[in-house]
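These notes concern the structure reproduced below.
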Amino acid sequence: MKTKTKQEQIAEIVAAVAKVTGVSEQTMMSRLRREEVVEARWIAWYFMHTQMGLQLAVIGRKWGKGFDHATVIHGLKQIAYKLTYARDWDLRPMMEDVAEVLKIEVDLPKAQVREVA
């Protein structure tokens with residue numbers, strides 16, 4: 001069985017995210033800042049970092065002009081926050097669907113319950 005190259009793995013992740021979110025691959029790779037596009041981009045970055053082990057600067061460079069490690073850090077922090085504290089009810093099932101399309105197991109951060117004083 002042939003091992004996939006990093007480029008093939010990245011393309012597979014981007015295609016899976018596009019399929020689940022409904023945001024085209026070309027739109028996701030663009031500089032558009034609409035909420036659904038940004039969230040799809042963040043999801044792709046999350047899988048590239050957690051599943052492939054790509055460094056943040058590498059993800060930024062592979063993504064294209066204008067994306068650097070700081071942008072990727074911000075996106076990953078936003079995903080972690082939404083999964084952990086914001087209780088974004090659509091995000092977790094969407095990410096689980098992407099994992100299903102990729103045929104991988106994903107260990108998403110658990111939601112935290114904040115006590116109100």
Side-chain angles (χ1 to χ4, degrees):
M1 183 164 109
K2 181 183 171 216
T3 305
K4 295 179 185 173
T5 66
K6 286 195 185 282
Q7 281 304 115
E8 291 172 333
Q9 291 174 357
I10 290 170
E12 191 176 87
I13 289 171
V14 171
V17 173
K19 180 179 180 179
V20 170
T21 63
V23 175
S24 74
E25 293 178 38
Q26 185 177 9
T27 302
M28 195 184 322
M29 300 294 284
S30 74
R31 296 279 300 153
L32 283 176
R33 290 167 49 175
R34 287 193 320 250
E35 183 179 357
E36 66 274 7
V37 175
V38 171
E39 191 169 83
R41 192 178 298 139
W42 291 347
I43 292 169
W45 291 348
Y46 179 88
F47 282 100
M48 290 167 68
H49 182 64
T50 59
Q51 299 302 313
M52 293 178 62
L54 289 182
Q55 294 177 354
L56 306 179
V58 173
I59 293 171
R61 279 195 304 271
K62 294 223 180 265
W63 206 259
K65 185 176 181 176
F67 295 97
D68 61 7
H69 74 285
T71 307
V72 177
I73 288 170
H74 174 74
L76 295 179
K77 283 182 178 180
Q78 291 300 311
I79 288 291
Y81 175 79
K82 285 182 165 200
L83 289 172
T84 307
Y85 299 111
R87 297 193 192 141
D88 186 330
W89 301 115
D90 296 330
L91 181 61
R92 186 174 299 274
M94 199 179 326
M95 291 184 73
E96 289 169 348
D97 290 346
V98 170
E100 189 175 309
V101 170
L102 293 171
K103 297 178 177 93
I104 58 173
E105 291 289 321
V106 66
D107 187 24
L108 299 174
K110 304 293 182 226
Q112 300 292 315
V113 177
R114 290 186 178 172
E115 291 187 26
V116 178

* Y81 with W45, same ILVMFWY side-chain cluster at under 4.5 Å -> no
* State, to 0.1 Å, how close V101 and A16 come at their nearest heavy-atom pair, and which atoms those are. => CG1-CB, 3.6 Å
* Asked: Any side-chain heavy atom of M95 within less than 4.5 Å of one from V106?
  -> no
* **Approximate separation, where rounding is to 0.5 Å, of T21 OG1 and D90 CG** => 12.0 Å
* To do: Taking side chain to side chain donor-acceptor pair (under 3.5 Å) as the test, write out the residues that go with E100, two or more places apart.
  => none
* **Closest non-hydrogen atom pair, T71 against G66** => OG1-O, 4.3 Å
* Just grab all the salt bridge (Lys or Arg N to Asp or Glu O under 4.0 Å) pairs involving residues 76-85, residues at least two apart or on different chains. => E39-K82, K82-D88
* Only pairs at least two apart or in different chains count here, so list each salt bridge (Lys or Arg N to Asp or Glu O under 4.0 Å) that has a residue in residues 11-25. => K4-E12
* Are the side chains of Q78 and V38 in touch, meaning some heavy atoms are under 4.5 Å apart? -> no
Anything under 3.5 Å between a donor and an acceptor, one on a side chain of residues 49-58, the other on a protein residue two or more places apart or in another chain? List them.
{"residue": "H49", "atom": "ND1", "partner": "L54", "partner atom": "O", "Å": "2.9"}
{"residue": "T50", "atom": "OG1", "partner": "Y46", "partner atom": "O", "Å": "2.8"}

* Considering non-hydrogen atoms only, spot the tightest contact between A44 and I13 and give its length. => O-CG2, 3.8 Å
* Asked: Minimum heavy-atom separation for E8 to T3, with atom names?
  -> OE1-O, 4.3 Å
* Asked: Going by the angle between their ring planes, with limits at 30° and 60°, are W63 and F67 parallel, tilted or perpendicular?
  -> perpendicular
* Please name the pair of heavy atoms, one in A18 and one in S24, separated by the smallest distance, quoted to 0.1 Å. => CB-C, 4.3 Å
* Applying ring pair (Phe, Tyr, Trp, His ring centres under 6.0 Å), name anything that partners H69, two or more places apart in sequence or on another chain. => none
* side chain to side chain donor-acceptor pair (under 3.5 Å) involving S30 - partner list, sequence neighbours excluded -> none
* Asked: Can you pull the salt bridge (Lys or Arg N to Asp or Glu O under 4.0 Å) pairs that have at least one residue in residues 53-70, sequence neighbours excluded?
  -> none
* When rounded to the nearest 0.5 angstrom, what is the spacing between CD1 in I43 and CD1 in I79? -> 5.0 Å
* To do: State whether the side chain of R41 and the backbone N or O of L32 hold a donor-acceptor pair below 3.5 Å, judged by distance alone.
  => yes
